[in-house]
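Report on the structure given below.
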Amino acid sequence: MKVDVIVIGGGLVGLATARLLSLHNFSVCLLDQQPCLPALLTEQYELRVSAITLPSVHLFKRLGVWQAMQFQRMGEFTETKIWEDDSTEPIQFESTKGFVIENKVILNALLDKAEFNIVAPIKVNQMNKSAENIQVELDSGQKISGKLLIGADGGNSKIREWANLGVSEKAYDQSAIVATVHTQNAHRNVARQKFLPEGPLAFLPLADAHHCSIVWTNTSPSLLTMDEKLFNAQLNKYLGDELGEIRLVGQRLAFPLTKKHAKHYVSERVALVGDAAHTIHPLAGQGVNLGFLDAQALSDILIKAKQENRDIGLLHTLRRYERARKSDNLIIQNLMDVFNSAKIRKLGVNIVSRSECLKQLMLMGMEYREKKLCRKSC
């Protein structure tokens, strides 16, 4: 099989990248070790959700999947509230906007518009580059060649390793516990985050007014196996009367947290997007949104190269993508580390919470960044 682009990885970012390119008449083949099938939505909320920002919404509209997603259940936040464990003066941003969407909903919408070849489940056994193309050999014996290989295969990317792109890595002494909770009081479409000594505790509003998805970053492994009553007691202790009585709904999952950043995003005929290029601390929920921005930046550069009859796999072309995204991703990564540092963060929260002027300046900065990212992605 011969195609223009081979995408390795059938997650959200890989599917979005493949869809973007196929919309502009690139022939695309997507490969994944897991089956790429629609996921069944059950009455109970999925534990894996994404806090989707406005630039990502613009991407979904561009992909033609936003309308279908709106017919599914999704939470929305129109206000964000953050505070320190010992602070009585939270910072409240009343003009923030975003959506909390189960990953299954996004996945199903993207798969429904997957007008490109998908080969899955399949394992890639070998990859070879030549001057004019790149070829992968599958465990079925099939060979697929293309002008470009895009690695969207996650934080432990085999493509990154195979292409010798290198990676810097820092393990946080923390895990993210994710779960769904029922709250006595309605969440009122407010995203809440409280910084505790062990790590931040976030409440993301779901479609039902009395359900939230929580992300509890903590150093203690016992939160995953803790008795449910004790877990509920801990949640109620830390959030006080903010949402009334809180109780766990369903199971909990834990994910060890590691910051990774590829030393290079590209080499001849290879490019990385999403977690294959960078992983960050989840305290601001930016991970998948950064991946979607990667997908847009790379696709736009490839579309322009095709229009100008340039080889899309040449390093000269691909470096434009690296320059467009690497510095921005590094800034966000480092900013998350600053906010994860208790001493620096606490000082900033206490200062901003006492100054309406500083709060408005922060909000203006956030809105400016959103508009800048929207302009880049549209």
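Numbers here simply count residues along the sequence, with the first being 1.
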In one Ile/Leu/Val/Met/Phe/Trp/Tyr side-chain cluster, 4.5 Å: I312, V270: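 Each belongs to a different hydrophobic cluster.
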In one Ile/Leu/Val/Met/Phe/Trp/Tyr side-chain cluster, 4.5 Å: V119, L110: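 Looking at the clustering, L110 is in a separate group from V119.
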Given K306, R62, R325, the one that forms salt bridge (Lys or Arg N to Asp or Glu O under 4.0 Å) with D300: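 It is R62; the other options fail the test.
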If you draw a 6.0 Å radius around [atom1] in [X], do more than 12 non-hydrogen atoms from other residues or ligands fall strictly inside?
| X | atom1 | answer |
| --- | --- | --- |
| K158 | NZ | no |
| K113 | NZ | no |
| E132 | CD | no |
| E308 | CD | yes |
| R310 | CZ | yes |
| R319 | CZ | no |
| D227 | CG | yes |

From CA spacing to verdict: side-chain hydrogen bond (donor to acceptor under 3.5 Å, both in side chains), N189, T78: CA-CA 6 Å; N189 294 332; T78 56; 5.0 Å; no
D275 (side chain) donor-acceptor with G154 (main chain) under 3.5 angstrom: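 The answer is no, because no donor-acceptor pair under 3.5 Å joins these two groups.
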Flag, side chain of K194 to backbone of Y238, donor-acceptor distance under 3.5 Å: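 It does hold such a pair.
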Distance flag, aromatic centroids of W216 and F231, threshold under 6.0 Å: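 Close enough - the centres of the two rings lie under 6.0 Å apart.
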H211 ring center near Y45 ring center (under 6.0 Å):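 Centroid distance H211-Y45: below 6.0 Å, so yes.
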Short N-O contact, E169 and K259, less than 4.0 angstrom: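 The answer is no: the pair does not qualify as a salt bridge.
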Taking every non-hydrogen atom, the tightest pair across A152 and V273: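 Distance-wise, the nearest heavy atoms are CB-CG2, 3.6 Å.
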Within-4.5 Å side-chain heavy-atom neighbours: I214 and L235: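 Yes, their side chains come closer than 4.5 Å.
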Any L165 side-chain heavy atom under 4.5 Å of L272 side chain: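 When only atoms from C-beta onward are counted, L272 and L165 do touch, with a gap below 4.5 Å.
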Mutual orientation of the aromatic rings belonging to W66 and F60 [parallel < 30°, tilted 30-60°, perpendicular > 60°]: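 Geometry flag for F60 against W66: parallel rings.
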Rounded distance [0.5 Å steps], [atom1] in [X] versus [atom2] in [Y]:
| X | Y | atom1 | atom2 | value |
| --- | --- | --- | --- | --- |
| S22 | N117 | OG | CG | 10.5 Å |
| F255 | Q174 | CZ | CD | 15.5 Å |
| R247 | T183 | CZ | OG1 | 9.5 Å |
| L223 | N218 | CG | CG | 4.5 Å |

Distance-only side-chain donor-acceptor flag, T219 / D173, under 3.5 Å: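 The answer is no; no qualifying pair exists.
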